[in-house]
Number of protein chains: 2
Amino acid sequence: MNENTTEPKYQKLVKQMKAYIQENMKTNQKILSEREIAQRLSISRYTVRKALDELEKKGYIYKVHGKGTFVSEKSVPTALNEIYSFTEQMEQLGKKPRMELLEFKVFTPHQELASKLHVVTGDKVIKLKYLRTADDVPMMIEETYLPYSKFPTLTVDALSKNSLYSIMKTEFNQSIHVVSESMRASLISSNEAKLLKVEDGSPCLNVRRTSFNKLNEPIEFTSCIARGDQFVYNCKYIHQD
Amino acid sequence: MNENTTEPKYQKLVKQMKAYIQENMKTNQKILSEREIAQRLSISRYTVRKALDELEKKGYIYKVHGKGTFVSEKSVPTALNEIYSFTEQMEQLGKKPRMELLEFKVFTPHQELASKLHVVTGDKVIKLKYLRTADDVPMMIEETYLPYSKFPTLTVDALSKNSLYSIMKTEFNQSIHVVSESMRASLISSNEAKLLKVEDGSPCLNVRRTSFNKLNEPIEFTSCIARGDQFVYNCKYIHQD
DNA sequence: CAGTGGTCTAGACCACGTT
DNA sequence: ACGTGGTCTAGACCACTGT
């Protein structure tokens, strides 16, 4: 898309090494030392380290002080440090994900929602309501709220062509930095039961997410109701002390 | 505990700056530039950058290319990139958390569990079962399974004095690197309902966690059953592209 | 002891945002 | 034009792991 921005040298190295490792190397095999790589490519050790740090953070390799750098098990995914998206998960299961827009409106929110999105009283909010299905089985209802002031020209048409997050980034220059999520189990209400085609009072998983930009301003609040009998929420992350 | 290992200079700087920021600075206030800090402390810019990177990763500050470095909103917690622990959450709510060991045994696992922990057939596994309460209200049942070969000398006595994770690290030199979790909603079974003092068939949240060490060997599998009416699972993480 | 990753220095240029 | 963070170099010493 925007390839006019020059890519740093270490990023190119990351891609190169990632491809090389996946093609030619086995789990726990030792790779060249930082100094060796630097010398062979005639670049500085700092650049090699940055690339290796990135690969370690993404779960492709691991370093052991005094011993060397080794290839991680293939099972560790690229989506580390990232809650798996619904679409990715369904595709992994071989199911065909789809989403249907049920509602798009701009309105003035009540106190609770207004404070979640840090909008002052009287400011407007955009509501998006989706039904997500997999192989035409209804899986979850997703309600997203956006501060109108940050996305004033958002249209249904744009949403049909690109994902919300890519629109946020490219059209409105808002990219997500921190995400806060909560999960709880409850019993489904009758309205939602109809949409998801389950019995009243079935168990359901409620996931609520608030996303913040780099300035820590909330730019999205989403509440999902997922069928308890169908939906599992997965995440994988690197543990820090 | 083990203060014989020398702490890097940038780590000390992280602590200093963290304290200073929390004491004296306001949200979105600009802090000194990297070059200024380096000059004033007579250290190199690299060291300052490492410290600032750490503070950004932990959510205390954010950088903007071409503008400077700024203080984040206080709301962003120290536990970024980390699922909040039960204990922390309860303390934030002003509740008194407690855990009671219900079971401790070593046994030979069935196929499914054995494969989760990557133990070969015939190898043993340690089971720990806890009931967690908050202000004496039962909140969740936690069953943890550990490969016996990695923790052969683990005792109930040790667990009463330190947390499992600190024992893993200090006694057995196993620290957690990658964590994989899944969440699902279901209806509680009668045995669990009795322990949690809720009605049969109440909604409950089931959280399953597998933890891996740096070599990507599984070192723990835990399954939690939490009361749907009481327990909310929170996590917060930094979003990556 | 040699080799590895981890930290650190002093300096340079680039890309970005503001003045 | 200037100051900022982002990248990069060339070199140094330290801490850890093996022989």
Side-chain angles (χ1 to χ4, degrees), chain A residues 2-17 21 28-57 60-72 169 173-175 177 213-215 240-241, chain B residues 2-17 21 28-57 60-72 169-170 173 175 177 213-215 240-241:
Chain A
N2 50 346
E3 272 311 317
N4 37 5
T5 58
T6 40
E7 196 181 26
K9 199 188 274 191
Y10 80 90
Q11 285 288 3
K12 286 182 193 165
L13 186 53
V14 165
K15 290 182 186 170
Q16 260 182 51
M17 297 195 66
I21 287 169
N28 294 332
Q29 196 178 340
K30 187 175 177 178
I31 69 177
L32 294 178
S33 75
E34 296 177 351
R35 287 168 178 82
E36 265 289 313
I37 297 171
Q39 202 181 0
R40 293 206 189 184
L41 300 179
S42 304
I43 57 178
S44 97
R45 211 185 128 201
Y46 168 91
T47 309
V48 176
R49 269 187 76 75
K50 272 212 101 171
L52 292 178
D53 284 349
E54 186 96 7
L55 285 167
E56 183 175 33
K57 210 174 66 181
Y60 293 102
I61 59 174
Y62 61 92
K63 304 175 178 184
V64 182
H65 194 167
K67 286 183 74 177
T69 303
F70 306 86
V71 178
S72 287
K169 194 169 185 177
N173 196 30
Q174 293 284 352
S175 61
H177 183 224
N213 63 16
K214 227 185 176 187
L215 276 55
Q240 332 242 11
D241 302 331
Chain B
N2 49 347
E3 272 311 317
N4 37 6
T5 58
T6 40
E7 196 181 26
K9 197 189 276 190
Y10 80 91
Q11 284 288 2
K12 286 181 192 166
L13 186 53
V14 165
K15 289 182 187 170
Q16 262 183 49
M17 297 196 66
I21 287 170
N28 293 333
Q29 197 179 338
K30 187 174 177 178
I31 70 176
L32 295 179
S33 75
E34 296 176 351
R35 288 169 178 82
E36 266 289 314
I37 297 171
Q39 203 181 359
R40 292 205 187 184
L41 300 179
S42 302
I43 57 178
S44 96
R45 211 186 128 199
Y46 168 91
T47 309
V48 176
R49 267 188 77 75
K50 271 212 102 171
L52 292 178
D53 284 348
E54 186 96 7
L55 285 166
E56 183 176 32
K57 210 174 65 181
Y60 292 102
I61 58 173
Y62 62 91
K63 305 174 179 185
V64 183
H65 195 167
K67 285 183 77 177
T69 303
F70 306 86
V71 178
S72 287
K169 194 169 185 176
T170 58
N173 196 30
S175 60
H177 182 225
N213 63 15
K214 228 184 175 190
L215 276 57
Q240 333 240 11
D241 302 332

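Letters A, B, ... are given to chains in the order of the sequence lines, protein chains preceding strands, and every chain is numbered from 1.
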Taking only N and O in the side chain of [X], is any of them less than 4.0 Å away from OP1 or OP2 of [N]?
| X | N | value |
| --- | --- | --- |
| K67(A) | dG18(D) | yes |
| S33(B) | dT4(D) | yes |
| K63(B) | dT4(D) | no |
| T69(B) | dT4(D) | no |
| K50(A) | dT7(D) | yes |

Integer-rounded Å distance: [N] [atom2] and [X] [atom1]:
| X | N | atom1 | atom2 | result |
| --- | --- | --- | --- | --- |
| F70(A) | dT17(D) | CZ | P | 12 Å |
| H65(A) | dG5(C) | NE2 | P | 9 Å |
| K9(B) | dT7(C) | NZ | C1' | 10 Å |
| E56(B) | dG6(D) | CD | C1' | 12 Å |
| E34(A) | dG6(C) | CD | C1' | 8 Å |
| I61(A) | dT4(C) | CD1 | C1' | 14 Å |
| K30(B) | dG17(C) | NZ | P | 13 Å |
| R49(A) | dA12(D) | CZ | C1' | 14 Å |

- Message: Counting only heavy atoms and a strict 4.0 angstrom limit, can you tell me which residues of residues 35-47 of chain A come near DNA chain D?
- Response: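 Per residue number, the list reads R35(A), I43(A), S44(A), R45(A), Y46(A), T47(A).
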Is there a side-chain contact between [X] and [Y] (heavy atoms, below 4.5 Å)?
| X | Y | value |
| --- | --- | --- |
| L41(B) | V48(B) | no |
| K15(B) | E7(B) | yes |
| I31(B) | F70(B) | no |

- What are the two closest heavy atoms between I61(A) and L52(A), and how far apart are they?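 Heavy atoms of I61(A) and L52(A) come nearest at CD1-O, 3.5 Å.
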- Quick one: closest heavy-atom pair of Y62(A) and V71(A), and the distance?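 What the structure gives for the nearest pair is CE2-O, 3.6 Å.
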- Can we say K50(B) and E54(B) salt-bridge, meaning some charged N sits less than 4.0 Å from an Asp/Glu carboxylate O?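 Here K50(B) does not pair with E54(B) in a salt bridge, since their nearest N and O are not under 4.0 Å apart.
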- Message: Regarding E34(A) and R49(A), does a basic nitrogen lie under 4.0 Å from an acidic carboxylate oxygen?
- Response: yes
- Query: Nearest to the side chain of Y10(A), which nucleotide is it out of dT7(D), dT7(C), dG17(C)?
  - Reply: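 Between dT7(D), dT7(C), dG17(C), the one nearest the side chain of Y10(A) would be dT7(D).
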